[in-house]
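Right, one structure below, let's go through it.
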Amino acid sequence: TYYLCMFRGKLYWALLSQYYPRIQLYKFIDFDTTPKFKDFVQWTHAKNCKKVYKLNKEVEVYEVV
């Protein structure tokens, strides 16, 4: 399951694994394109990723299965 997050001002797909709180970041192309292994960018700590909000400030969690 991939989650949409913001890291250093850019959108990425985040993949949670058994190494939590370290997560893998993948390039975000659009909502219809699922990330592939070649789209891997880097590892980061979960506290470095920010949530993505709607305009009405409710938390929206995007995930791709």
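The model shown is predicted, which means the values in this text are computed figures rather than measured ones.
Residues Phe40 and Leu11 fall within the same hydrophobic cluster, defined by Ile, Leu, Val, Met, Phe, Trp and Tyr side chains chained together at heavy-atom separations under 4.5 Å. By the criterion of side-chain heavy atoms lying less than 4.5 angstrom apart, applied directly or through intervening Ile, Leu, Val, Met, Phe, Trp or Tyr residues, Leu16 is grouped together with Phe7 in one hydrophobic cluster.
Side-chain contact between Cys49 and Leu25 is present, with at least one heavy-atom pair separated by less than 4.5 Å. At least one side-chain heavy atom of Leu4 sits under 4.5 Å from a side-chain heavy atom of Phe31. Ser17 places a side-chain heavy atom less than 4.5 Å from the side chain of Trp43. In this structure the side chain of Gln24 never reaches within 4.5 angstrom of the side chain of Trp13, judged on heavy atoms. Between Val41 and Lys27 there is a side-chain heavy-atom pair separated by less than 4.5 Å. In this structure, Ile23 and Thr44 have side chains that are in contact, with non-hydrogen atoms separated by less than 4.5 Å.
Separation of atoms CZ (Phe28) and NZ (Lys10) is listed at 14.0 Å; rounding is to 0.5 Å. Between atom CD of residue Gln42 and atom CZ of residue Arg22 there is a gap of 9.5 Å, rounded to the nearest 0.5 Å.
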**Study point:** Full working for side chain to side chain contact (heavy atoms under 4.5 Å, CB included) between Tyr2 and Tyr26
**Key:** CA-CA 9 Å; Tyr2 294 92; Tyr26 292 86; 3.9 Å; yes
